[in-house]
Amino acid sequence: MPTLLKILLLSIVLAAGIYDLRFRRIPNWLNLSGVVLGLGVNTLLLARHGFAISLFGLICSLAVYVPLYLIRGMGAGDVKLMAAVGAMAGPRNWLIIFIATALLGGLVSILLIMLKKRCHQTWLNLAVILGELSHGRMPSHRDARLDVRDSRALRIPHGTIIATGAIAFLLLSAAS
């Protein structure tokens, strides 16, 4: 990944992570800037091949994150931030960032569940989610708390987790 893209990625995810932690949302102008910069800089540096890499990274991120948004398990800002990350990093690097983000998000979620003493409720929620999805139904229709937008839902600032995963990727790639 070219140094310029690493700097841009770091800038976008840092701003988004801090903003999400503070305000629990990620501004559209920031996400759109990341997508445009990712597509533009990749194209500028690597011509058509760069555009293709950037576009495929964007598509991979949307393929994973849009379904989570559609079942109301994630906010739109998180989806758009990960699209920006995919556009900047390309599919291979995006996959590493996604895995780091998923592992960090899982760890933070488990800690939050334990701190809030919601282990039993979480198991019940998982059963409802799997049951409803296996029948092609929205889990949040059965229980509104399963909609990330519901005030009773247990939520984490996923943009901050995405930022942490991207920064971990950048640090590991700099060390190798």
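Values below: every heavy atom of this structure, side chains too, minus hydrogens, waters and symmetry copies.
Counting only heavy atoms from C-beta outward, the side chains of T43 and S54 never approach each other to under 4.5 Å. Residues M1 and L9 have side chains in contact (heavy-atom distance under 4.5 Å, counting atoms from C-beta outward). In this structure, the side chains of H158 and Y65 come closer than 4.5 Å at one or more pairs of heavy atoms. Put simply, the side chain of S173 reaches to within 4.5 Å of the side chain of K6, judged on heavy atoms. Counting heavy atoms from C-beta outward, F51 and N42 have side chains that stay 4.5 Å or more apart. Taking 4.5 Å as the limit, some side-chain heavy atom of I12 sits within range of a side-chain heavy atom of L81. Considering only heavy atoms from C-beta on, K116 stays 4.5 Å or farther from Q121 through its side chain. Proximity of I53 to P91: side-chain heavy atoms (C-beta onward) are separated by under 4.5 Å at one or more points.
A donor-acceptor pair is defined here as one N or O able to donate and one able to accept, closer than 3.5 Å; no such pair exists between the side chain of H141 and the backbone of R137. Judged by distance alone, with hydrogens and angles left aside, the side-chain atoms of D20 form a donor-acceptor pair with the main-chain N or O of R25 at under 3.5 Å.
In this structure, CG in L4 is found 8.5 Å from CG in L37, a value given to the nearest 0.5 Å. With values rounded to the nearest 0.5 angstrom, I7 atom CD1 is found 12.5 Å from M88 atom CE. A distance of 11.0 Å separates CD1 in I96 from CG in L170, rounded to the nearest 0.5 Å. Between I129 atom CD1 and R142 atom CZ the span is 11.0 Å, to the nearest 0.5 Å. Interatomic distance, CG of D143 versus CD of E132, reported as 9.5 Å (0.5 Å rounding). With rounding to the nearest 0.5 Å, the separation of CD1 in I71 from CG in D147 is 10.5 Å.
The local environment of CZ in R152 is crowded, with over 12 non-hydrogen atoms from other residues, nucleotides or ligands closer than 6.0 Å. Around the CE atom of M138, the shell of radius 6.0 Å holds more than 12 heavy atoms that belong to other residues, nucleotides or ligands.
Linking Ile, Leu, Val, Met, Phe, Trp and Tyr residues whenever their side-chain heavy atoms come within less than 4.5 Å places M82 and L103 in a single cluster. Residues L154 and L68 do not share a hydrophobic cluster, clusters being chains of Ile/Leu/Val/Met/Phe/Trp/Tyr side chains in contact below 4.5 Å. A continuous path of Ile, Leu, Val, Met, Phe, Trp and Tyr side chains, each step under 4.5 Å between heavy atoms, connects V66 with V64, placing both in one hydrophobic cluster. Following chains of ILVMFWY side-chain contacts shorter than 4.5 Å, one can reach L45 starting from V85, so the two form part of one hydrophobic cluster. Tracing side-chain contacts under 4.5 Å through hydrophobic residues (I, L, V, M, F, W, Y), one never reaches L21 starting from I167; they form parts of separate clusters.
Annotation for L58 and V35: closest pair CD1-CG1, 3.8 Å, computed over non-hydrogen atoms. In terms of heavy-atom proximity, S134 sits nearest to G131 at OG-O, 2.8 Å. Nearest heavy-atom pair, L62 versus A83, reported as atom, atom and distance to 0.1 Å: CD2-CB, 3.9 Å. Annotation for S109 and I156: closest pair OG-CD1, 3.8 Å, computed over non-hydrogen atoms. A144 and D150 get closest at one heavy-atom pair: O-CB, 3.2 Å.
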Show your reasoning for whether side-chain contact (heavy atoms from CB on, under 4.5 Å) applies to K80 and I26. CA-CA 9 Å; K80 292 178 270 188; I26 305 167; over 6 Å; no
Evaluation steps, side-chain contact (heavy atoms from CB on, under 4.5 Å), between N125 and L146: CA-CA 7 Å; N125 290 348; L146 298 176; 3.5 Å; yes
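Only one option out of V79, V148, D78 pairs with Y69 in a side chain to side chain contact (heavy atoms under 4.5 Å, CB included); it is V79.
Between F98 and W94, the ring planes are parallel. Angles under 30° get that label, and only those over 60° would be called perpendicular.
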